[in-house]
2 protein chains.
Amino acid sequence: MADIKSPANPLFLREEELRQGIEMLFFAYRDFTGEPDAILSEIGLGRAHHRVVYFVGRHPGITVSELLAILKITKQSLSRVLSHLLTEGYVIQRPGEQDRRKRLLHLTAKGIELEQSLTANQRKRIAVAYRAAGAEAVQGFRRVLRDIIDIEDRSRFPDETIQLPGSPKR
Amino acid sequence: MADIKSPANPLFLREEELRQGIEMLFFAYRDFTGEPDAILSEIGLGRAHHRVVYFVGRHPGITVSELLAILKITKQSLSRVLSHLLTEGYVIQRPGEQDRRKRLLHLTAKGIELEQSLTANQRKRIAVAYRAAGAEAVQGFRRVLRDIIDIEDRSRFPDETIQLPGSPKR
DNA sequence: CTTTTTATGTCAGCCATATTGACATATTTC
DNA sequence: GAAATATGTCAATATGGCTGACATAAAAAG
């Protein structure tokens, strides 16, 4: 292995650093989705169901269009997954009050339970990593990740550091 | 919106922070793979081909087993993709010198060109985010992301900060 | 030197998740 | 009343995973 600290070849260093970034995202995502996927396959669901359950749980009353905008898939693709979740009783829909064309989606108790079991591991993973890295590193993590996201969705994640209880004010 | 700086409800804050972490990974990965996917679909390839081309380019002479360990898919799944890349002339294989059972994989010129065009956008994204965030934030990004990855693959990413040319020594 | 293990490939079938295109319905808005 | 919107559905297709079973060549071990 080349000595990566040597600044002899700046171009190589730069390329190496960028490639490591690419790969870290690949490995992190692979491992981040591995365990929920395993749980899902036992109950005959897939990753797509996870995404729907997650975002319906996160935004109760979300409409189908909003969900489509987040997932960036076609309505036909969503339809199958969502119908399944509806008939299996993980999700319910209620017509909108002002606009009755809209179907406002909510998790049932069963859906909440599923969502919790799926994200428990992911939350754990993040919590462990955040705790080990410290508030400053977390801020850097958020800062970089936010800029990797397309600009349209960046506003979901405030620039400001979230003040952790007990963490020192900078 | 609730005032996220208020420490009134620490449990809520914590949950919110973890969920944002989950979502940032989702959005980042979605957008990170979006553009390569578009290029690939034009030439009749998919994301799976990208991953193979990427890791063969990254580790010239990599064996099939090593590739399987990285991708964590079955050999049957890899086989289809790899065969296609071989017949289309993106990848070549050479028997190992010591162990001739092994097929050492390399990119052809065509493969290198494809790999470059696919990762150009990803490198750009990372480069822009890194530059905007600064060396310290990058270190935090790496620190957190590394801990999200399963421990077996963490060693791919050294703990040490890579010294950016021109960045001040801490 | 034969047996076993390893590295790899292949055939066949299955499933989940995505796609496009076309058409349908209810509701709201102009 | 016409047009736009929110949503659903049918049909066909592609991709990329999976399992199981079997095959071959080379290396390692007895």
Side-chain angles (χ1 to χ4, degrees), chain A residues 26 29-30 33-34 36-56 61-88 91-106 118, chain B residues 26 29-30 33-34 36-56 61-88 91-105:
Chain A
F26 167 75
Y29 200 75
R30 182 198 66 178
T33 51
D37 284 356
I39 296 171
L40 287 157
S41 75
E42 282 177 22
I43 51 174
L45 302 179
R47 193 181 295 180
H49 300 90
H50 184 186
R51 295 197 277 248
V52 171
V53 167
Y54 178 86
F55 283 107
V56 172
I62 192 173
T63 66
V64 172
S65 323
E66 286 163 352
L67 209 41
L68 287 174
I70 287 177
L71 301 177
K72 288 194 182 167
I73 59 174
T74 59
K75 64 174 175 175
Q76 294 90 328
S77 297
L78 176 58
S79 174
R80 241 178 335 150
V81 173
L82 188 52
S83 309
H84 190 198
L85 291 172
L86 286 163
T87 60
E88 296 291 319
V91 173
I92 50 165
Q93 55 188 15
R94 285 203 286 263
E97 298 205 345
Q98 296 93 343
D99 187 340
R100 283 181 306 168
R101 290 170 306 177
K102 295 187 179 178
R103 295 176 159 201
L104 309 185
L105 304 171
H106 298 264
L118 292 175
Chain B
F26 166 76
Y29 199 76
R30 182 198 68 176
T33 52
D37 284 356
I39 296 172
L40 286 158
S41 76
E42 283 178 21
I43 52 173
L45 301 178
R47 194 182 293 181
H49 300 91
H50 183 186
R51 294 198 277 251
V52 171
V53 166
Y54 179 87
F55 283 108
V56 172
I62 193 174
T63 66
V64 172
S65 321
E66 287 163 350
L67 209 42
L68 286 174
I70 287 176
L71 301 177
K72 288 196 182 162
I73 59 174
T74 59
K75 63 176 175 173
Q76 294 92 327
S77 297
L78 175 58
S79 176
R80 244 181 328 163
V81 174
L82 188 51
S83 309
H84 190 196
L85 291 172
L86 286 162
T87 60
E88 295 291 321
V91 173
I92 50 164
Q93 54 188 15
R94 285 201 285 261
E97 298 206 344
Q98 297 93 345
D99 186 339
R100 282 180 307 168
R101 289 171 307 179
K102 295 186 179 175
R103 294 174 160 204
L104 309 185
L105 304 171

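Chain letters run A, B, ... following the sequence lines, proteins first and then strands; every chain starts at 1.
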- request: Report which part of the nucleic acid A:Gln98 touches: base, sugar-phosphate, or nothing (heavy-atom distance under 4.0 Å, all strands).
  value: sugar-phosphate
query: Contacts to DNA chain C from residues 44-53 of chain A, heavy-atom cutoff under 4.0 Å, which residues?
result: A:Gly46, A:Arg47, A:Ala48, A:His49, A:Arg51
query: Considering residues at least two apart in sequence or located in another chain, which fulfil the side chain to side chain contact (heavy atoms under 4.5 Å, CB included) criterion with A:Ile92?
result: A:Arg94, A:His106, A:Thr108
query: Are any of the side-chain heavy atoms of B:Arg51 and B:Ile70 separated by less than 4.5 Å?
result: no
Between the protein and nucleotides 28-30 of chain D, which nitrogen or oxygen pairs are less than 3.5 angstrom apart?
none

task: Kindly write out the residues that satisfy side chain to side chain contact (heavy atoms under 4.5 Å, CB included) with A:Ile73, not counting sequence neighbours, or none if the list is empty.
output: A:Leu68, A:Leu71, A:Ser77, A:Leu78
- line: Residues at least two apart in sequence or cross-chain that pass side chain to side chain contact (heavy atoms under 4.5 Å, CB included) with B:Ser83, listed by chain then number, are B:Ser79
field: Under the ring-ring contact (aromatic ring centres under 6.0 Å, His included) test, residues paired with B:Tyr29 that sit two or more places apart
entry: A:Tyr29
- prompt: To the nearest angstrom, how far is A:Leu67 atom CG from D:dA6 atom C1'?
  reply: 14 Å
query: To the nearest angstrom, how far is A:Leu68 atom CG from C:dA18 atom C1'?
result: 13 Å
- request: Mind calculating the distance between CG (A:Asp37) and P (C:dC15) to the nearest angstrom?
  value: 18 Å
Interatomic distance where CD belongs to B:Glu66 and P belongs to C:dA7 [whole Å]: 10 Å
message: What contact category does B:Ser83 fall into here, base, sugar-phosphate, or nothing, at under 4.0 angstrom with non-hydrogen atoms?
response: sugar-phosphate
- request: Determine, for nucleotides 19-24 of chain C in 5'-to-3' order, which nucleotides have protein heavy atoms under 4.0 Å from the base (write B), from only the sugar-phosphate (write S), or from neither (write -).
  value: BBBB--
- prompt: Nearest-Å distance, CG (A:Leu82) to P (C:dA16)?
  reply: 17 Å
- prompt: Taking NE2 from B:His84 and P from D:dT15, how many angstroms apart are they, rounded to a whole number?
  reply: 9 Å
field: Proximal nucleotide (of D:dA6, C:dG9, D:dA26) relative to the A:Lys102 side chain
entry: D:dA6
field: Residues forming a salt bridge (charged side-chain N to carboxylate O under 4.0 Å, His left out) with B:Lys72, sequence neighbours excluded
entry: A:Asp31, B:Asp150
- prompt: Whole-Å distance between C:dT17 C1' and A:Leu85 CG?
  reply: 14 Å
Backbone of B:Gly46 reached by a side-chain donor or acceptor of B:His49 within 3.5 Å: yes
query: Over how many whole Å does the gap from A:Ile43 atom CD1 to C:dC15 atom P extend?
result: 18 Å
- prompt: Of all residues at least two apart in sequence or in a different chain, which pass the salt bridge (charged side-chain N to carboxylate O under 4.0 Å, His left out) check with B:Arg47?
  reply: B:Asp37
- request: Please list, chain by chain and in numerical order, all residues satisfying salt bridge (charged side-chain N to carboxylate O under 4.0 Å, His left out) with B:Arg30, sequence neighbours excluded.
  value: A:Asp153
- prompt: Who passes ring-ring contact (aromatic ring centres under 6.0 Å, His included) against A:Phe26, sequence neighbours left out?
  reply: B:Phe55
query: Under the side chain to side chain contact (heavy atoms under 4.5 Å, CB included) test, which residues partner A:Ser41, sequence neighbours left out?
result: none
